[in-house]
Amino acid sequence: MSVFTKVSHAQLRKFLKQYPVGPLIGFQGIGEGVENTNYFVDTEDGRWVLTLFERLNYADLPFFLGLMDHLASRGFPSAMPARTHEGGNLTTLNHKPAALVRRLTGQSVLFPNLEQCRQVGRALGELHIDAKSYSGHCDNSRGALWREQTGRLLSRKTRDAGIRKLIDDELAVQMSIDLTSLPQGVIHADLFRDNVLFVDDRLTGVIDFYYACNDSLLYDLAVTVNDWCFEVDGTLNPARWEAMVGAYRSRREFTEAERSAWPLVLRAAALRFWLSRLYDWTFPREGDVVHIKDPDQYRRILLRHREQAPPAL
Ligand SMILES: Nc1ncnc2c1ncn2[C@@H]1O[C@H](COP(=O)(O)OP(=O)(O)OP(=O)(O)O)[C@@H](O)[C@H]1O
Ligand SMILES: N[C@@H](CCO)C(=O)O
């Protein structure tokens, strides 16, 4: 659970006066999430989520908030950011950049059924299409350069020879693929199960756009299937995979270059999350309640991709 920055009742009451949302009714810190501080906030005019950005700076945020606004206004189920009386959607609280966004209904699922996987695949395809008309641009902060630099750092730091060898070897293999040669667009880049909300089998929300960026569309699908279609022990769930990939394809057909790059793109996506989790274990952050995810789960997924070819696209 993660609440890095505490907010008092008085601070929040004052903060909310900037927005046309009515007086504060109640608020509560949110346990899930590992990056930012989040609170559920109820006011007389609605239900909101307040985010205090712990690692992102002001200059980065207009891209993410603008994207959520762009998608929500096209009917995509992302949370619309609230605007202040002055018309801005980015403010400050406790010396941190802050935003207030609509609270979406629904719950994330730990064990998705096939219909839910289908809906996620379709939603990802729709996101890629709807975002084509978004004019913002942002490089992937967890792209190839980050993977290489972080991999080298963790490889030097670890005392585990097996981890060192796997990182070094995988980085060497990843040098052979250039994701920028594949079809590009704005991607979510973190569409894990905890970032999708459902009411029964109906997808009601896609949240956490704070890794969104311009990158390979296929990489976004790889991030998504790695989380949704693998068991904790690293084995593939073929029915979920087929449901998700098939639904994505109903919105966008793959190119030949994407079909051949698929095995390495899956590995790049697995490596990214293995490294970020390993980094958080190696260099833990201070906080009131801090949730760190298990890096080993992603080491197993990476190993699986190295040992067995994935189902073809
Ligand atoms: N717009 C929203 N509507 C409803 N619930 C939300 C919304 N935004 C966030 N939440 C809730 O807050 C939790 C944490 O949000 P989020 O996933 O954005 O955390 P984070 O720390 O910013 O990101 P990460 O997933 O990268 O750790 C979510 O799991 C969800 O329960
Ligand atoms: N989705 C990420 C955390 C936030 O980027 C993970 O599961 O490691």
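Both counts, for ligands and for their atoms, begin at 1 and track the order of listing. Note that the structure is predicted; figures quoted are calculated from it, not measured.
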* Of the backbone atoms (N, CA, C, O) and the side-chain heavy atoms from C-beta on, which set of T51 has a member under 4.0 Å from an atom of ligand 1: side chain, backbone, both, or neither? -> neither
* Asked: Among D190, N36, D194, which one has a heavy atom closest to atom 2 (C) of ligand 2?
  -> D190
* Residues N195, V206; criterion side-chain contact (heavy atoms from CB on, under 4.5 Å); working and verdict -> CA-CA 6 Å; N195 287 333; V206 172; 5.9 Å; no
* Ligand-side contact atoms (ligand 2) for residue partner F192, heavy atom cut-off under 4.0 Å -> 1 (N), 6 (C), 7 (O)
* Asked: If you count the atoms of ligand 1 from 1 in the order shown, which ones are under 4.0 Å from a heavy atom of A79?
  -> 1 (N)
* Asked: Looking at E148 and M175, what are the two nearest heavy atoms and their distance?
  -> OE2-CE, 3.7 Å
* Taking NZ, NE, NH1 and NH2 as the nitrogens, is one of them in R252 or E258 under 4.0 Å from a carboxylate oxygen of the other? -> yes
* To do: Decide whether a cation-pi geometry holds between R272 and Y211; the criteria are a distance under 6.0 Å from NZ or CZ to the six-membered ring centre and an angle within 45° of the ring axis.
  => yes
* Asked: For ligand 1, which atoms, with element, lie under 4.0 Å from some heavy atom of F40?
  -> 5 (N)
* **Numbering as shown, the atoms of ligand 1 that approach D190 to under 4.0 Å (heavy-atom distance)** => 26 (O)
* Identified side chain to side chain contact (heavy atoms under 4.5 Å, CB included) partner of L127 from the options L71, L217, L67 -> L71
* Contact check: R277 vs ligand 2, nitrogen or oxygen atoms, below 3.5 angstrom -> yes
* **Which of the ligand 1 atoms, numbered from 1, are nearer than 4.0 Å to a heavy atom of R103** => 3 (N), 4 (C)
* Asked: Does ligand 1 have any atom sitting under 4.0 Å from a heavy atom of Q107?
  -> no
* To do: Give yes if a backbone or side-chain nitrogen or oxygen of L104 is under 3.5 Å from a nitrogen or oxygen of ligand 1, and no if not.
  => yes
* To do: Heavy atoms only: give me the nearest N89-P81 pair and the separation to one decimal.
  => CB-CB, 4.0 Å
* Asked: Is it the side chain (CB and beyond), the backbone, both or neither of I30 that lies under 4.0 Å from ligand 1, heavy atoms counted?
  -> side chain
* What atoms of ligand 1 come closer than 4.0 angstrom to any heavy atom of N195? -> 17 (O), 25 (O)
* Is any N or O atom of Y210, backbone or side chain, closer than 3.5 Å to an N or O atom of ligand 1? -> no
* Under the side chain to side chain donor-acceptor pair (under 3.5 Å) test, which residues partner Y58, sequence neighbours left out? -> T92
* Using distance alone, determine whether Y211 and ligand 1 share an N or O pair under 3.5 Å. => no
* Part of Y211 within contact of ligand 2 (heavy atoms, under 4.0 Å) -> side chain
* Asked: T51 pairs by side-chain hydrogen bond (donor to acceptor under 3.5 Å, both in side chains) with which of N36, D208, N38?
  -> N38
* Asked: How are the rings of F230 and H305 set relative to one another: parallel (under 30°), tilted (30 to 60°) or perpendicular (over 60°)?
  -> perpendicular
* **Region of N36 engaging ligand 1 - heavy atom pairs below 4.0 Å** => both
* Could you pull out all residues at least two apart from D60 that satisfy side chain to side chain donor-acceptor pair (under 3.5 Å)? => none
